[in-house]
Structures are given as C-alpha cells and as structure tokens.
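For reference, the structure discussed in these notes is given below.
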Number of protein chains: 2
Amino acid sequence: MADFADRCDCTVIHEDVVERVKEVMPEEENLYDLAELFKVFGDTTRIKLLWALDKEEMCVCDLAILLNMTQSAVSHQLRVLKQARLVKFRRDGKNVYYSLDDDHVKLMFEQGLLHINEKEPK
Amino acid sequence: MADFADRCDCTVIHEDVVERVKEVMPEEENLYDLAELFKVFGDTTRIKLLWALDKEEMCVCDLAILLNMTQSAVSHQLRVLKQARLVKFRRDGKNVYYSLDDDHVKLMFEQGLLHINEKEPK
DNA sequence: TGAACATATGAATAACTGTACATATGTTAT
DNA sequence: ATAACATATGTACAGTTATTCATATGTTCA
C-alpha cells in the first residue's frame, strides 16, 4: 500500500493510478540488476570491446591495439565484462583469448541503434 | 591502418584479426551515442521511471510517491529521460504528465532480464 | 492580485568510475 | 633458473553523477 501522507494533493485523486502501476513494477532486486547490466553497456570502451568480441575472439593486447588503449585499461574493463557474465575467456600459452558469452547483447545494441537513428535529427 | 608500433609482439601474428574486426566496427560517433543511451538505463531510478511510464502516463508528484523520492529528484531524472528522447510530456493545468516515447525500451529491458535470469545462479 | 499547488532548475556535495602508472602473477623458451 | 612476454591487479586521481536543499517558474482559483 502506498504512503500518501503529506505529499502532493493531486495524488489523492491519482491514488488508483499509483496502485495500478505499483502492481506491475518488477522486484526491486531485478530492477537493480537490470540497471547494473546497463551500466556495463554505458561506456564506449566496453561497447567497443563487446562489439569486437562479438565479431571474433581476441586476446588482450590485440584489443588494446584495436581500441588504441593501454593493456591495463583493457584488462580492467574486461574484468567488468567478466563479472557481468558477458564474456568468456580461455588461456592459450601466454595469451588469454576473450569472446562474447551472451546472445542478447547484439539484439540490445540493435534496439539501441534503432532508437538513436529514429530520433536522430537532434 | 592499425598502428602496430612498439606494442605486444603477438599482434604481429594477429594483425589480420585486428584488421578484420576494425572493418566491422561501427562509427565512433554511433558507439558513443549508444553508450550514452545505455548510460541513461544504467540507473535504478530511471529504470523505474521508464517501467512505470511504459505502463501508464503519470504526473511528477505521483512518480515521486510511487518511487518514494523527492519531487526534485524525480524531476531531475525526468529531464535526463527527456534529453534522451525516451519520454514525452503534456501539461494539464498544474500537472505535467509524462509518458514513454520509445518502442524499443521494453524490448531492451526484456533482453536485459533474459540475460540476468540466464546467468542467475551467481 | 495573491495564495496555494505543481514542476523545474541552480548549486553543493558525497559517492562512484575510468584511466594511467607501477608492479605482481603466470607462461614459455633458452 | 632466468629472461622476455602477456595479462592481472592495487593505488591514485581526475572527471562524472545522483541526490538534497533552496528557490524560481508556471498554473489555478478565490
């Protein structure tokens, strides 16, 4: 039950609306996880990494070259992607090869680009 | 052409890989915009707002009640959603009613939840 | 016109985040 | 074992961000 104490008056009228919406809101935990996931996508470097790894398996130093970044920076960001379960990796000698470990990433990116292009004309 | 100067040796071997991937990478600008969009999704408050507004049009103070937040905080976040062209609004008397202005949001959220639930068992 | 309500906005602050630098760990070959 | 390479990680720091508080703007009604 919502708490309508000492707030806007208009909400008394809209009480039913708030209740209706409240019922369809997902679990707090799921919303938190969802935000955490999108946070991972909210960085150009990580977007690039995911895009690259969706195309082909690559080792860290190659990714560093591709993105023109420090090996350290790439490694740090790969850790974030690892924690989010978005990439997997295998060791082969001195190299560690990363690749995409998610089927939804591409679809989400595509939807994102759709939004961007639709609203394009600033 | 990639710059392979004074970097890892292994990249000399992988030069073709880097070149191949480089060719399929989207425009820098698109990737930036994409990250910006996801950044908007990367916050629990905004996720909640979008979810609520996807269900029903609501005014600011109702949203504040629903999310148990300050009117000011909600207003600030709605501004972010406005700038990202994710919500639209109409004034009716003293109230301003916001609603979702994007067809892709829901699909992206669903994909996100799919990922989360798939990888669930921590 | 002025009072009350609803929303927007500016400023300040605490918390968070991405990168660079230095260094540690892990692997191979000699 | 040791040197060289590849990757990971700890620390520090600059830049960003979400919220709060105070206040301004906009709207209605008496």
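Numbers restart at 1 for each chain; the letters A, B, ... are given by sequence-line order, proteins then strands.
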Using whole Å, what does the distance between atom [atom2] of nucleotide [N] and atom [atom1] of [X] come to?
| X | N | atom1 | atom2 | answer |
| --- | --- | --- | --- | --- |
| B:Met69 | D:dA18 | CE | C1' | 8 Å |
| B:Asp92 | D:dC29 | CG | P | 11 Å |
| A:Phe41 | C:dG18 | CZ | P | 14 Å |
| B:Tyr32 | C:dG18 | OH | C1' | 14 Å |
| B:Gln77 | D:dT16 | CD | C1' | 13 Å |
| B:Gln83 | D:dA18 | CD | P | 12 Å |
| A:Glu36 | D:dT17 | CD | P | 16 Å |
| B:Leu67 | D:dA18 | CG | P | 15 Å |

Those residues that, when tested against [X], pass side chain to side chain donor-acceptor pair (under 3.5 Å) (two or more places apart):
| X | value |
| --- | --- |
| B:Arg20 | A:Glu56 |
| B:Lys55 | none |
| A:Glu28 | B:Lys48 |
| A:Arg91 | none |

Residue-phosphate contact under 4.0 Å: A:Thr70 side-chain N/O, C:dT19 OP1/OP2: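 False: A:Thr70 side-chain N/O out of range (4.0 Å or more) of C:dT19 OP1/OP2.
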Partners meeting salt bridge (charged side-chain N to carboxylate O under 4.0 Å, His left out) with A:Glu23 (sequence neighbours left out):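 A:Glu23 satisfies salt bridge (charged side-chain N to carboxylate O under 4.0 Å, His left out) with no other residue.
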Residues from residues 45-55 of chain A lying under 4.0 Å of DNA chain D - heavy atoms: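 Result for residues 45-55 of chain A: none.
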Salt bridge (Lys or Arg N to Asp or Glu O under 4.0 Å) pairs, two or more places apart, involving residues 100-111 of chain B: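 Pairs touching residues 100-111 of chain B that pass the test: A:Lys119-B:Asp101, B:Asp54-B:Lys106.
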Comparing A:Gly93 and A:Val80 on DNA chain C - which has the more 5′ nearest nucleotide: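 Nearer the 5' end of the strand: A:Val80.
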Which pairs, protein N/O on one side and nucleotides 12-14 of chain D N/O on the other, fall under 3.5 Å?
none

Whether A:Asn95 side chain and A:Tyr97 backbone form a donor-acceptor pair below 3.5 Å: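 Checked: no pair found.
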Protein-to-nucleotide contact annotation, 5' to 3' order, nucleotides 7-15 of chain C [B base; S sugar-phosphate only; - none; under 4.0 Å, heavy atom]: BBBBB----
Closest to the A:Lys39 side chain, choosing from D:dA18, C:dG18, C:dT17: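 In terms of side-chain proximity for A:Lys39, the closest of D:dA18, C:dG18, C:dT17 is C:dT17.
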Ring pair (Phe, Tyr, Trp, His ring centres under 6.0 Å) partners of B:Tyr32, counting only residues at least two apart: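 Not a single residue meets the ring pair (Phe, Tyr, Trp, His ring centres under 6.0 Å) criterion with B:Tyr32.
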Pairs of donor and acceptor atoms involving the side chains of residues 77-84 of chain A, under 3.5 Å and at least two apart or interchain, shall be tabulated with distances.
residue	atom	partner	partner atom	Å
A:Gln77	OE1	A:Arg46	NH1	2.8
A:Lys82	NZ	A:Tyr98	OH	3.3

Pairs flagged by ring pair (Phe, Tyr, Trp, His ring centres under 6.0 Å) wherever residues 58-81 of chain A is involved - sequence neighbours left out: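 Not a single pair qualifies under ring pair (Phe, Tyr, Trp, His ring centres under 6.0 Å).
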Pairwise distance NZ(B:Lys39) to OG1(A:Thr44) - rounded to 0.5 angstrom: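 Separation between the atoms: 6.0 Å.
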